[in-house]
Amino acid sequence: QVKLVESGGDSVQAGGSLRLSCTVSGNTYSTYYMAWFRQAGGNEREGVAAISDDGDTHYAESVKGRFTISQDNTQSIFYLQMDNLKPEDTALYYCAADYREISPVLRKPLNRWEYHYWGQGTQVAVSS
C-alpha cells in the first residue's frame, strides 16, 4: 500500500508564494508519475502539475510560469512551488501517484483517472 501526505497549505494574499509538500511512503516503485491536483467548491478536480521518475514535467496552462513541481533526491518527497498566487488558485490541493508502466504516447499526466493513490489534501486560500 502507498500513503501520500500533503502539507504546506495556508492562507496568503495575492502575489504571494507557498510551497506544498507530499511525503510518499509504503510499497513504491521506481517507475512512477506523481502529480498535484486541485479542487475548488463543486468544480471538477483538475490536474495542476505532474512529474515522472525521469524528471519530465507537465503543467496546466493556468499555472505555467508560476508553479514548479519537483522532487527530492530520495524521490519520497514531492513539492509544488507556487509563486504569484491568484485568488483563482484557491482550492484543496491533492497529490497523487501512479506506478503503472504506460507508454509515453498513451500517458495523460494531468488526467485524474490516471492516478490510483491519493492524499487527503491541503487547503490553499488566496485573498485579493
Side-chain angles (χ1 to χ4, degrees):
Q1 195 57 277
V2 176
K3 184 177 180 182
L4 307 175
V5 179
E6 304 94 336
S7 61
D10 206 342
S11 298
V12 297
Q13 289 192 328
S17 297
L18 283 175
R19 189 177 79 159
L20 306 183
S21 299
C22 175
T23 301
V24 185
S25 60
N27 296 326
T28 61
Y29 299 89
S30 59
T31 299
Y32 61 80
Y33 252 90
M34 300 294 298
W36 287 94
F37 289 77
R38 66 187 181 187
Q39 188 168 18
N43 295 339
E44 290 285 319
R45 191 171 297 187
E46 63 169 342
V48 174
I51 188 167
S52 70
D53 54 276
D54 59 4
D56 286 343
T57 56
H58 308 266
Y59 295 94
E61 285 297 325
S62 59
V63 305
K64 276 183 180 177
R66 300 189 298 121
F67 290 12
T68 305
I69 189 170
S70 63
Q71 56 194 344
D72 76 341
N73 290 337
T74 67
Q75 299 180 335
S76 62
I77 304 178
F78 296 83
Y79 304 101
L80 184 67
Q81 177 66 41
M82 305 187 295
D83 298 316
N84 190 22
L85 282 160
K86 303 176 180 181
E88 53 263 42
D89 294 319
T90 295
L92 188 59
Y93 283 71
Y94 299 89
C95 66
D98 180 64
Y99 297 96
R100 297 172 299 159
E101 293 195 25
I102 297 178
S103 166
V105 177
L106 299 177
R107 169 75 72 175
K108 296 179 175 60
L110 299 181
N111 185 319
R112 62 175 294 187
W113 304 110
E114 296 269 304
Y115 295 86
H116 294 77
Y117 299 98
W118 292 85
Q120 295 299 305
T122 186
Q123 182 67 46
V124 171
V126 185
S127 58
S128 57

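This chain uses plain numbering: 1 for the first residue, then up along the sequence. Please read these numbers as outputs of a predicted model, since none were measured by experiment.
Shortest non-hydrogen contact noted between G47 and A60 is O-CB, 3.4 Å. Across all their heavy atoms, P87 and A14 have their closest contact at CD-CB, 4.1 Å. Taking both residues in full, the closest heavy atoms of D53 and Q71 are given as O-NE2, 4.2 Å, listed atom of the first, atom of the second, then distance.
In this structure, the ring of F78 has its center less than 6.0 angstrom from the ring center of Y32.
Between R107 and R100 there is a side-chain heavy-atom pair separated by less than 4.5 Å. The shortest distance between side-chain heavy atoms of V48 and M82 does not fall below 4.5 Å. Inter-residue side-chain proximity for Q1 and Y117 is flagged as met; some heavy-atom pair is nearer than 4.5 Å. No side-chain heavy atom of Y33 sits less than 4.5 Å from a side-chain heavy atom of I102.
Looking at E6, its side chain does come within 3.5 Å of a backbone N or O of G121 through a donor-acceptor pair. Looking at Q123, its side chain never comes within 3.5 Å of a backbone N or O of Y93 through a donor-acceptor pair. Side-chain atoms of N84 do not come within 3.5 Å of backbone N or O of R66 as any donor-acceptor pair. Between the side chain of T90 and the main chain of V126, a donor-acceptor pair closer than 3.5 Å is present.
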Report task. Take Y59 and T68 through the test side-chain contact (heavy atoms from CB on, under 4.5 Å) and record every step on the way to the result. Result -> CA-CA 8 Å; Y59 295 94; T68 305; 3.8 Å; yes

Requested in this report: Please step through side-chain contact (heavy atoms from CB on, under 4.5 Å) for the pair R38 and V63, ending with a clear verdict.
Outcome: CA-CA 12 Å; R38 66 187 181 187; V63 305; 4.0 Å; yes

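The distance from the CG atom of D98 to the OH atom of Y29 is 11.5 Å, given to the nearest 0.5 Å. In this structure, the separation between SG on C95 and OH on Y115 is 11.0 Å, given to the nearest 0.5 Å. The distance from atom CG of D10 to atom OG of S17, rounded to the nearest 0.5 Å, is 12.0 Å. Distance check: F67 CZ to L20 CG gives 8.0 Å after rounding to the nearest 0.5 Å. To the nearest 0.5 Å, the span separating OG on S52 from CE on M34 amounts to 12.0 Å.
Applying the 6.0 Å contact sphere to CD of Q120 captures no more than 12 heavy atoms from other residues, nucleotides or ligands. By the neighbour-count criterion of 12 heavy atoms within 6.0 Å, atom CG of N27 is sparsely surrounded, having that number or fewer from other residues, nucleotides or ligands.
Between W118 and Y94, the two ring planes are perpendicular [angle over 60°; tilted spans 30° to 60°].
Under a hydrophobic clustering in which Ile, Leu, Val, Met, Phe, Trp and Tyr are joined whenever their side-chain heavy atoms come within less than 4.5 Å, directly or via other members, V124 and I69 fall into the same cluster.
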